[in-house]
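What follows is a single structure, written as structure tokens, with notes after it.
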Amino acid sequence: MGFPLSILYLRLIICLQLMANVVLWWNVVCNLENDDAQMGTTCHSDVSVTHHVDAMGNISAVVPRLPSLNLFYHLRNHAEVASFQTVQRVFSARGYQRTEDMNSTSILWTHTYPYQVDPQSRPLHEMVLAMNPEQTINHFPGMEPIFNKQFFSTSMKSKYIPKTFLLPNQKREFLQEMNNTGETRLWMKKNFNHRGNVLKEAKDHDLNQKSLIQQFIGNQFTVAGHAIQIGVRVILTSVEPMRAYIFHDVSNRVANKPFYPINIKDNQTYLTDGEFRDEVYLSLYSLPETKTYMKTHGYSRWVAVKTYARKQGLDASKVMPQLLEAVRGVLLNLRPRLVRQYKQYFKDRAQRERSNLLEFSRWDFIVDEDLNAYLLEANLSPELHTRNPMSNIAIARALYNLMELTRQSNDARVRDGNVNILRGVCYEQRCQHCKDKECQLCAQCLSSSDKTILKTTFAEHINRKGYLRTYPEPMTQEEASLPYNTSTDNDVNSWSKIDILNREWLRLKCIHDYYWCN
């Protein structure tokens with residue numbers, strides 16, 4: 001007995017859709033433009049090849065692009081296999097091959113934080129200690145406070161983090177807050193183990209039970225009545241000097257049910273940090289108000305949300321500067337610890353200068369109806385694979401741009417002339433011995449290690465593609481005309497020499513060319 005034609009037709013449609021998703025994925029990874037005028041990249045089935053172009057535009061022989069690149073992915077359990085598939089696809093398209101040999105790997109990518117010495121993480125910890133400086137690791141030492149909810153929410157001193165109290169230690173302070181704001185104000189009880197947050201009125205919380213409770217933002221910005229959450233991809237490439245970026249195309253999650261009226265018993269009407277399972281949130285593609293922007297105009301999810309906000313009479317341009325400032329503030333608070341831990345693990349200065357570390361994380365925000373941003377939490381090892389094809393494409397783009405940002409192009413293609421600052425003072429007699437502060441960036445006053453760091457900063461800036469610099473902070477040319485000791489930063493005296501040098505170099509580059517301002 002044959003199948004009805006309707007069933008066969010349905011199966012054909014499903015197969016075509018799967019094929020379309022595969023093609024779309026491959027296009028995302030392989031057809032992104034290359035900004036380098038002298039290099040072009042073409043994706044093949046298993047290797048990325050490089051075309052060498054001469055001054056006349058003629059293409060010479062096609063050779064494999066760095067065929068020795070290897071990727072070692074540390075899998076703690078089967079739940080991390082899906083995330084690895086996303087990483088492997090992107091890295092494979094750039095010429096990396098998976099290896100089981102730690103001695104030959106170029107990059108160690110691990111979901112588990114490798115600097116904790118506990119029975120579960122000890123093998124990975126010992127593996128990291130045995131790596132050489134030329135091998136890249138996707139985590140920095142000293143980042144533990146980021147994924148510690150208690151420390152992150154109560155000790156970061158950020159105006160973007162909602163008020164948070166640790167009970168019962170801060171019971172008195174919470175009672176004072178309750179007297180000021182009322183017993184019926186909503187507070188989120190945050191689970192220390194990342195899942196299971198509970199929303200209650202202030203009077204219903206057990207003040208004697210160990211818990212972390214955070215102010216609930218009750219006037220949230222909504223899209224077609226649904227609460228929305230913003231996920232920002234953050235990349236840290238150096239701690240001394242500090243360099244950090246966020247990916248411009250932020251991800252968005254939409255609550256499954258309308259936000260108003262608030263129903264504290266139904267967490268599908270609001271989004272709690274960590275509640276990112278597919279059944280809890282909607283796709284913006286399912287909302288008519290944003291689907292048109294995405295389907296007809298090809299907007300990304302974030303651009304669709306900003307367009308919707310503008311239609312509501314809101315200034316959507318105010319959100320991104322808040323995200324940049326929030327991330328920068330937390331990283332600056334954490335910077336002394338990062339530098340201390342970094343020096344502890346890499347005791348030799350030459351080793352620190354050659355070490356290749358990066359941190360790829362996701363920071364979760366919500367915005368209120370006036371588009372004021374609130375930082376909920378940061379995830380050092382965010383999920384890199386979902387059942388939503390649009391989310392997977394966005395993740396792939398962020399990873400691809402990360403590889404471009406951190407690629408090792410600060411050698412032959414970045415010359416000394418690229419980092420030299422043209423200043424008249426450099427030709428004066430007082431700069432011949434490099435004792436004057438104004439002479440520190442003159443070519444004759446830069447050490448080889450200084451030049452190496454500035455070349456890396458130069459290379460990251462021209463390779464950053466979709467990443468925006470959050471630290472050193474972006475500025476206007478008017479702001480760049482002011483020296484840093486008159487800026488709004490309060491910790492100018494705590495910066496290291498190389499941090500001051502790196503910031504001053506970017507400031508002077510910005511004065512001469514707006515391209516370097518942000």
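Shortest non-hydrogen contact noted between I137 and P114 is CG2-CG, 4.5 Å. Residues R335 and V239 share a closest heavy-atom pair of NE-O, 4.2 Å. Taking all atoms of both residues into account, the shortest heavy-atom contact from R362 to D364 is NE-OD1, 2.8 Å. Pairing each heavy atom of F360 with each of A398, the nearest pair is CZ-CB, 4.1 Å. The heavy-atom pair separating L375 from P162 by the smallest distance is O-CD, 3.3 Å. Taking both residues in full, the closest heavy atoms of Y160 and A373 are given as CD2-O, 3.4 Å, listed atom of the first, atom of the second, then distance.
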Q.
Pair M294, K291 - check side-chain contact (heavy atoms from CB on, under 4.5 Å), show working.
A. CA-CA 5 Å; M294 300 170 69; K291 180 179 180 179; 5.8 Å; no
(Q) Set out, in order, the CA-CA distance, both residues' side-chain angles and the distance that settles side-chain contact (heavy atoms from CB on, under 4.5 Å) for L338 and M242, then state yes or no. (A) CA-CA 10 Å; L338 289 173; M242 179 174 281; 4.0 Å; yes
Q | side-chain hydrogen bond (donor to acceptor under 3.5 Å, both in side chains) evaluation trace for Y467 with E460 | A | CA-CA 10 Å; Y467 279 92; E460 286 184 1; over 6 Å; no
Q.
I'd like to know whether L376 forms a side-chain contact (heavy atoms from CB on, under 4.5 Å) with Q229, so could you lay out the CA-CA distance, the side-chain angles of the two residues, the decisive distance to 0.1 Å, and finally the verdict.
A. CA-CA 10 Å; L376 299 182; Q229 198 169 83; 3.3 Å; yes
Q: Given side-chain contact (heavy atoms from CB on, under 4.5 Å), test F221 with F259 step by step and report yes or no.
A: CA-CA 9 Å; F221 168 73; F259 183 68; over 6 Å; no
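Expressed to the nearest 0.5 Å, how far CD1 of I264 lies from CG of L199 amounts to 6.0 Å. To the nearest 0.5 angstrom, L506 atom CG is 9.5 Å from C517 atom SG. Here the CG atom belonging to L282 is positioned 4.5 Å from the CG atom belonging to N256, to the nearest 0.5 angstrom. Distance check: E359 CD to F140 CZ gives 7.5 Å after rounding to the nearest 0.5 Å. Taking OG from S283 and CG from N252, the interatomic distance works out to 10.0 Å, rounded to the nearest 0.5 Å. Rounding to the nearest 0.5 Å places CD1 of I217 at 5.0 Å from CD1 of I366.
Within the 4.5 Å cutoff, the side chain of K509 has no heavy atoms near those of the L454 side chain. Two residues are said to be in side-chain contact when any heavy atoms from C-beta on lie closer than 4.5 Å; L399 and R89 fail this criterion. A 4.5 Å side-chain heavy-atom check between T269 and I262 finds every atom pair outside the cut-off. Contact check for L405 versus K465: no side-chain heavy atoms found under the 4.5 Å cut-off. When side chains are defined from C-beta on, M320 counts as touching I246, because their heavy atoms get closer than 4.5 Å. Counting heavy atoms from C-beta on, the side chains of Y471 and D499 come closer than 4.5 Å. Side chains of N197 and Q214 form no contact here, defined as non-hydrogen atoms less than 4.5 Å apart. You'll find the side chain of P141 stays beyond 4.5 Å of the side chain of Q344, heavy atoms only.
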Would you list the atom pairs, donor with acceptor, under 3.5 Å between side chains in residues 295-303 and any protein atom, with sequence neighbours excluded?
residue, atom, partner, partner atom, Å
T296, OG1, T292, O, 3.4
S300, OG, D249, OD1, 3.1
S300, OG, V303, N, 3.3
R301, NH1, S391, OG, 3.2

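Of the charged side-chain nitrogens involved, none lies within less than 4.0 Å of a carboxylate oxygen, so that E377 and K190 do not count as a salt-bridged pair. One finds no salt bridge joining R328 and E473 here, because no Lys/Arg side-chain nitrogen approaches an Asp/Glu carboxylate oxygen to under 4.0 Å.
Although no hydrogens or angles enter the test, the distance criterion places a donor-acceptor pair under 3.5 Å between the side chain of N333 and the main chain of M156. H461 places a side-chain N or O within 3.5 Å of a backbone atom of Y515 that can act as its donor or acceptor partner. Judged by distance alone, with hydrogens and angles left aside, the side-chain atoms of N518 form no donor-acceptor pair with the main-chain N or O of R469 at under 3.5 Å. Using a distance-only test at 3.5 Å, with no hydrogens or angles considered, no donor-acceptor pair links the side chain of Q220 to the main chain of I228. With hydrogens and angles disregarded, a donor-acceptor distance shorter than 3.5 Å links the side chain of T290 to the backbone of L284. Between the side chain of T222 and the backbone N or O of A224 there is no donor-acceptor pair closer than 3.5 Å. Remark: side-chain polar atoms of T470 are not paired, donor with acceptor, to backbone N or O of L468 under 3.5 angstrom. No donor-acceptor pair under 3.5 Å is formed between the side chain of S158 and the backbone N or O of V330. Side-chain atoms of Y270 never come within 3.5 Å of backbone atoms of P258 as a donor-acceptor pair (strictly under, hydrogens ignored). Using modelled atom types, one side-chain atom of T456 and one backbone atom of T452 make a donor-acceptor pair closer than 3.5 Å.
For Y115 and E144, the side-chain atoms include no donor-acceptor pair closer than 3.5 Å. N502 and T457 are linked by a side-chain donor-acceptor pair at a separation below 3.5 angstrom, with hydrogens and angles left out of the test.
By the side-chain hydrogen bond (donor to acceptor under 3.5 Å, both in side chains) test, E289 is found to be paired with no residue, residues two or more places apart in sequence or in another chain being considered.
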